[in-house]
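Report on the following structure.
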Amino acid sequence: FSVENIRNFSIIAHVDHGKSTLADRLLELTGTIDKTKNNKQVLDKLQVERERGITVKAQTASLFYNWEGKQYLLNLIDTPGHVDFSYEVSRSLSACQGVLLVVDANEGIQAQTVANFFLAFEAQLSVIPVINKIDLKNADPESVEKQIEKVFDIPGDECIKISAKLGTNVERVLQAVIERIPPPKVHRINPLRALVFDSTFDQYRGVIANVALFDGVVSKGDKIVSAHTKKIHEVNEVGVLNPNEQPAHKLYAGQVGYLIAGMKDVTEAQIGDTLYLHKQPVEPLPGFKSAKPMVFAGMYPIDQSEYNNLKSAIEKLTINDSSVTVHRDSSLALGAGWRLGFLGLLHMEVFNQRLEQEYNASVILTTPTVPYKAVLSSAKLIKDYREKEITIINPAQFPEKSKVTEYLEPVVLGTIITPDEYTGKVMMLCQARRAVQKNMIFIDQNRVMLKYIFPLNEIVVDFYDSLKSLSSGYASFDYEDAGYQTAELVKMDILLNGNIVEELVTIVHKESASRGGTERGRQRIRSRLQALSCQPRAQCGAETCELQDHDLSQSWKLNRLRHPGAPRDKAHSVGKAICERLKDSLPRQLFEIAIQAAIGSKIIARETVKAYRKNVLAKCYGGDITRKMKLLKRQAEGKKKLRKVGNIEVPRDAFIKVLKTQ
Ligand code: GTP
């Protein structure tokens with residue numbers, strides 16, 4: 001193929017706007033796959049993708065297309081839409097010269113449409129706007145066209161209106177790819193320069209690296225060098241993805257394909273690495289910024305004997321998904337394990353599900369936490385850590401206030417797009433999450449785009465669900481990293497008869513841990529209640545209140561005004577919930593157990609487990625001695641699975657229960 005006839009492009013869009021369906025049609029139209037009724041999300045190969053109906057891993061396919069007497073090679077990279085996987089999107093874009101920006105004709109521009117557009121725009125790629133689902137009854141492609149003009153400054157007449165489901169106008173998309181996206185700027189006569197933009201692991205063949213060739217040629221038998229490790233590898237196989245691997249003799253500059261060269265582990269197959277021919281070194285390509293994990297959680301095998309299997313499963317899966325960071329960790333209660341960093345909660349869930357489905361490994365995940373920072377003032381700690389500013393990925397290692405100049409928390413710039421009628425509620429939700437508004441524009445008569453700086457901790461767990469529920473599912477949300485800000489943080493300990501349980505330590509914001517409040521504060525809350533046409537409990541007759549369904553404006557304080565017995569604030573309610581769950585899962589012992597949640601020396605929640613001794617012989621009247629011995633032996637064995645906190649025996653599964661439901 002002459003370079004002039006090659007196009008490398010990607011499809012980007014908000015979740016569910018139809019990228020994978022469009023990819024299916026493009027594969028059919030170019031004869032890459034047979035046209036049958038069963039072609040549904042052909043590029044979503046993973047079981048988790050098919051079950052959840054989402055793309056989590058970018059996929060590549062080479063299509064051949066004849067137009068105006070010429071044959072073209074179109075390399076298509078299908079990308080995920082969800083915010084947690086935007087790292088996959090930005091990597092895929094580095095192998096492309098243009099994108100199809102798919103927008104749903106009914107839903108219009110959504111938060112991830114905006115985020116993905118700017119990724120493409122910053123990479124200086126040609127953007128072809130495609131308005132999809134024009135077959136829907138409520139489709140309004142004209143107003144979506146106007147939104148695209150207004151938000152992205154792209155002339156409306158450049159939009160292609162299609163139905164990926166029915167195939168309407170899809171051929172025009174292919175033609176636009178040829179006409180509007182430039183061929184890659186590459187040189188075949190120069191020595192090889194290939195970018196590893198993705199890699200997967202195959203049990204039998206080792207690492208399969210997806211490469212985009214910027215210069216030169218590579219063939220089977222070539223000796224190549226990794227710019228990162230400087231290790232030499234012999235190429236065993238090269239080929240194109242069609243969409244399944246199809247071996248070829250050579251790959252030329254401008255092409256996107258795969259390469260297998262006996263690389264065995266993550267360190268040998270770094271994403272963003274440049275490959276070149278042995279003895280022909282080149283200037284490495286810029287590569288990628290490494291992914292920045294947003295949430296951390298401990299991962300432990302359910303059974304310690306599974307440790308090695310789980311270790312190898314995690315290693316293999318991280319080759320597939322290099323955005324996960326892994327540190328070794330251990331816990332008295334849960335044994336040896338790891339602390340893993342993920343890009344978001346969905347990412348964490350998907351990783352967990354892939355471990356189970358693809359590697360048959362079941363794990364315990366501890367409560368997720370965001371990476372806080374502390375600027376140390378204690379000379380001893382600075383010496384221990386060998387730095388002044390440390391990142392805390394495990395709450396148990398949170399340094400005390402007396403040893404710290406300041407704490408910092410990660411913040412993100414969030415984009416919310418919502419129908420105007422929900423703007424008020426959305427703003428109150430954001431305020432309750434300590435967010436600061438940056439911008440607000442109308443993208444058409446009844447849709448608003450809001451920008452806020454959020455503390456990451458406030459949105460990681462349930463913000464998206466709250467937003468969806470208060471907007472009847474219409475608001476969308478996306479965020480990007482925005483650095484760190486100073487924060488008043490405190491550590492909440494869980495104590496059993498006065499002894500701290502390390503695994504259950506949580507970090508909370510001080511504001512949410514403060515009690516009572518001033519009269520002025522209470523007055524402000526009352527006026528908010530009025531704005532919501534809601535009254536304090538005494539006067540409000542409503543069975544269910546909006547304020548409970550949706551986590552609105554300082555809901556804990558409001559809730560307390562309405563329901564005097566309710567927890568005072570977030571820290572109290574989290575502490576109370578953990579204590580209650582522990583109470584349910586701790587077996588009674590010979591003495592009473594006090595379960596407490598404490599911030600510093602202040603106890604904010606308490607539960608008690610009454611004293612009791614389980615007499616395993618209670619039902620054994622008379623009987624022979626061997627049966628009694630057996631029962632006592634079994635009781636002793638059970639005790640091995642216990643962890644001692646002070647003098648209290650806590651079964652391992654009690655921790656699991658508390659951690660799993662947090
Ligand atoms: P993610 O992979 O999760 O990011 O989603 P996606 O953007 O790839 O969307 P996908 O192709 O999976 O489509 C989402 C849903 O929209 C599916 O139920 C499709 O059947 C439907 N859909 C896609 N295109 C059209 C269309 O042109 N018309 C109609 N009516 N439905 C469509």
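Atoms within each ligand, like the ligands themselves, are counted from 1 in listed order.
Neither side chain, Asp24 nor Thr21, offers a donor N or O lying under 3.5 Å from an acceptor on the other. Residues Asn106 and Asn138 bring no donor and acceptor atom of their side chains to less than 3.5 Å of each other. Tyr258 and Glu237 share a side-chain donor-acceptor pair at under 3.5 Å.
By the criterion of a heavy-atom distance under 4.0 Å, the side chain of Asn132, and not its backbone, is placed next to ligand 1.
Considering backbone and side-chain N/O of Ala13, none are found under 3.5 Å from N/O of ligand 1. Polar contact check, Ile134 against ligand 1: no nitrogen or oxygen pair lies under 3.5 Å apart.
The heavy atom nearest to atom 15 (C) of ligand 1, considering only Lys165, Lys19, His17, Lys133, is found in Lys133. Looking at Leu22, Ile162, Val170, Asp135 and measuring to atom 30 (N) of ligand 1, the nearest heavy atom belongs to Asp135.
Ionic pairing of Glu358 and Lys316 is not present here: no N-O contact between side-chain nitrogen and carboxylate oxygen is shorter than 4.0 angstrom. Salt-bridge check for Arg434 with Glu409: passed, with a basic side-chain N closer than 4.0 Å to an acidic carboxylate O.
Near Ser20, the atoms of ligand 1 lying under 4.0 angstrom from a non-hydrogen atom of the residue are 2 (O), 6 (P), 8 (O), 11 (O). Close contacts between ligand 1 and Leu136 involve ligand atoms 30 (N) [criterion: under 4.0 Å to a heavy atom].
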**Prompt:** Yes or no on ring pair (Phe, Tyr, Trp, His ring centres under 6.0 Å) for Tyr479 and Phe454, after CA distance, side-chain angles and deciding distance?
**Reply:** CA-CA 9 Å; Tyr479 59 82; Phe454 285 94; 8.6 Å; no
